[in-house]
2 protein chains.
Amino acid sequence: MASRSTQILEAAARMIARRGVRGLRVEELAAEAGVSTGLIYYHFKDRTGILRHTLAFINDRAARYTQDRPAGAEPLGPREELEHALLLELQDTPEVEENSSAWGELRASAVFEPVLREDLARATLVWVQEIAALLGRVHPLSPAAALAAAAERLTALVEGLSMRWLSGGLAIDHARTLLKEAVATELGHLEAARNS
Amino acid sequence: MASRSTQILEAAARMIARRGVRGLRVEELAAEAGVSTGLIYYHFKDRTGILRHTLAFINDRAARYTQDRPAGAEPLGPREELEHALLLELQDTPEVEENSSAWGELRASAVFEPVLREDLARATLVWVQEIAALLGRVHPLSPAAALAAAAERLTALVEGLSMRWLSGGLAIDHARTLLKEAVATELGHLEAARNS
DNA sequence: GTCTATAGTCAGATAGAC
DNA sequence: GTCTATCTGACTATAGAC
C-alpha cells in the first residue's frame with residue numbers, strides 16, 4: 001500500500017515538523033524513511049523536489065482529515081462545523097501538530113523559494129473557499145465578497161496563531177479561545193452588515 | 001555614529017530579509033557589512049549570536065519607527081492611531097518590508113531554535129500591550145481582558161497577513177484592506193459587548 | 001578591534017553495481 | 001528501483017599576525 005515514495009514523504013513531513021525545512025537533511029531523511037539517499041534523489045530529483053512533493057502530500061492529508069467525520073458523530077450545525085473546521089489546525093494531537101508545523105515552515109520558506117509559491121497559493125485558495133462556504137451556510141444572505149474577506153481573515157488568523165503557538169509564546173487553549181471569539185466577531189459583523 | 005557592530009547588524013537584517021535565516025551566510029554577511037568574517041565572530045560569538053542580536057536590533061528599530069510621527073503631522077484620533085500602528089507593518093516601503101520579512105523569518109526560526117523564543121515572546125508582549133492600550137483609548141470602558149484579546153487577535157492577524165503577502169499569495173493593498181476591516185470588526189465587537 | 005588564511009566539517013548530489 | 005561509495009563544493013569557526 002504505502003509505496004516507497006509515500007514512505008519517504010511521510011518521513012519528510014515528520015522531519016520538517018520536527019526540525020524545520022532548514023533542518024531537513026537528506027541523509028537524515030533517508031535514515032528516517034529507511035531508504036538510501038540515492039533513492040530519494042531518484043524519486044524527487046533534488047532538495048527542492050522533496051519540499052514541493054511534501055507540500056502536496058500534507059495538503060492531501062489535511063484535506064482528508066478535514067472531511068473525515070467520525071461515523072457515529074451526530075451531524076453538526078453550520079456554525080459548529082465552521083468552528084470545527086478552523087479549530088482543526090490548532091490541536092495538539094501529533095498528526096495535526098505535525099501538519100501545522102510543516103505547513104508553517106513551508107509557508108515561511110516560500111518567501112525565499114519561489115518554486116513553492118504556486119502550490120501554496122492554490123492550497124490556500126482552496127482552504128479560504130471552503131471556509132467561505134461554511135460562513136455562507138451560517139449567513140446565506142451575505143454577499144460573496146464579504147464572506148470571502150471574512151474567510152481570508154479567519155484563515156490568516158489561524159496561521160498567525162499557529163505560528164505563535166508553535167514558537168512557544170501562546171498556549172494552545174488560549175489560541176483556541178481567541179479563534180472562537182474571532183469567529184463570533186466575524187459572524188456578528190456579517191450579521192450587522194446585513195441589517196443596514 | 002554607526003559602530004562596527006551596528007553596521008553588521010544592519011547588514012544582517014538586510015540579508016535575512018533578502019535571503020532568509022537559512023540563507024544567511026556569514027561570509028556573505030561580512031561582504032555586505034564591509035568587514036571580515038573574523039570580526040563578526042569576534043563580536044557575536046557564533047551564528048546563533050548573530051541571529052539573537054539581529055532580532056533585538058530589528059525590535060529596537062521597529063519601536064523607533066512606531067513612535068516617530070512626522071513633525072508637522074496633525075495629531076491623529078485614537079481610532080486613526082490604532083489603524084496606523086497596525087498598518088505600519090504592512091507597507092511595501094523598503095525599511096518596513098525588511099523589518100517585516102526579517103521578523104517573520106525569525107518567528108518561523110524560533111519554532112526550532114529555542115534560544116530565540118524568549119526575546120521573541122517579550123517583543124510580542126510589548127507589541128500586544130501597545131495595541132491593547134490604543135484599543136483602550138477608543139473604548140475606555142471595555143474590560144482589560146477584552147482589550148488584550150482583541151489586541152492579540154489583531155497582531156496575530158497582522159503576522160498571518162504579512163506572511164501571505166511576503167510569500168506572494170496576497171497583494172499588499174488587499175492585505176491592508178482586510179486588516180482595516182478587522183479593526184472595524186473588533187471595535188464593533190467591543191462596542192456590542194459593552195451594550196449588553 | 002580588525003584582518004588574512006585555513007582547518008575541519010558536513011551536506012547535496014552523482015556514478016555505477018545489482 | 002534500490003543501494004553503496006564517493007566527489008565536490010560550501011560553510012562555520014578558529015588561529016595568529018597586526
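Chain identifiers are assigned alphabetically (A, B, ...) following the order of the sequence lines, protein sequences preceding nucleic acid strands; residue numbering begins at 1 within each chain. Note that the structure is predicted; figures quoted are calculated from it, not measured.
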Using atom [atom1] of [X] as one end and atom [atom2] of [N] as the other, report the distance to the nearest whole Å.
{"X": "Glu113(A)", "N": "dG12(C)", "atom1": "CD", "atom2": "P", "value": "12 Å"}
{"X": "Phe44(B)", "N": "dT2(C)", "atom1": "CZ", "atom2": "C1'", "value": "14 Å"}
{"X": "Leu24(A)", "N": "dG12(C)", "atom1": "CG", "atom2": "C1'", "value": "11 Å"}
{"X": "Leu39(A)", "N": "dT14(C)", "atom1": "CG", "atom2": "C1'", "value": "14 Å"}
{"X": "Tyr42(A)", "N": "dT2(D)", "atom1": "OH", "atom2": "P", "value": "8 Å"}
{"X": "Glu28(B)", "N": "dA10(D)", "atom1": "CD", "atom2": "P", "value": "12 Å"}
{"X": "Gln7(B)", "N": "dC3(C)", "atom1": "CD", "atom2": "C1'", "value": "15 Å"}
{"X": "Ile40(B)", "N": "dT4(C)", "atom1": "CD1", "atom2": "C1'", "value": "14 Å"}

query: Does a salt bridge link Arg19(B) with Glu28(B), judged by any charged N lying under 4.0 Å from a carboxylate O?
result: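 Salt bridge flag = yes for Glu28(B) with Arg19(B).
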
- request: Check side-chain hydrogen bond (donor to acceptor under 3.5 Å, both in side chains) between Asn59(B) and all other residues, then give those that pass, not counting sequence neighbours.
  value: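 Applying side-chain hydrogen bond (donor to acceptor under 3.5 Å, both in side chains) to Asn59(B) gives none.
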
query: Which ILVMFWY residues are connected to Leu76(A), directly or by a chain of links, through side-chain heavy atoms under 4.5 Å apart?
result: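 Joined to Leu76(A), directly or through intermediates: none.
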
- prompt: Transitive ILVMFWY cluster of Val96(B) at side-chain heavy atoms under 4.5 Å: who else is in it?
  reply: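 Same cluster as Val96(B): Tyr65(B), Leu88(B).
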
- prompt: Which residue pairs pass the salt bridge (charged side-chain N to carboxylate O under 4.0 Å, His left out) test when at least one of the two sits in residues 164-184 of chain A, sequence neighbours left out?
  reply: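 Every salt bridge (charged side-chain N to carboxylate O under 4.0 Å, His left out) pair that includes a residue of residues 164-184 of chain A, provided the two are not neighbours, is Arg164(A)-Glu159(B), Glu181(A)-Arg153(B).
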
field: N/O (side chain, Arg4(A)) to phosphate O (OP1/OP2, dG1(D)) under 4.0 Å
entry: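 Checking Arg4(A) against dG1(D): no side-chain N or O falls below 4.0 Å of OP1 or OP2.
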
Of the listed nucleotides ([options]), which one gets closest to any side-chain atom of [X]?
{"X": "Val35(B)", "options": "dT12(D), dC3(D), dC3(C)", "value": "dC3(C)"}
{"X": "Glu27(B)", "options": "dT4(D), dT12(D), dG1(D)", "value": "dT12(D)"}
{"X": "Arg22(B)", "options": "dT2(C), dT4(D), dG12(C)", "value": "dG12(C)"}

- prompt: When every nucleotide of nucleotides 13-18 of chain D is labelled 5' to 3' by its protein contacts under 4.0 Å (heavy atoms), B for base, S for sugar-phosphate only, - for none, what sequence of letters results?
  reply: BB----

Which side-chain N or O atoms in residues 123-151 of chain B pair as donor and acceptor under 3.5 Å with protein atoms at least two apart or in another chain?
| residue | atom | partner | partner atom | Å |
| --- | --- | --- | --- | --- |
| Thr124(B) | OG1 | Arg107(B) | NH2 | 3.0 |
| Thr124(B) | OG1 | Leu120(B) | O | 2.7 |
| His139(B) | NE2 | Leu187(B) | O | 3.4 |

message: If I compare all heavy atoms of Leu55(A) with all of Leu116(A), which pair ends up nearest, and what's the gap?
response: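 What the structure gives for the nearest pair is CD2-O, 4.0 Å.
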
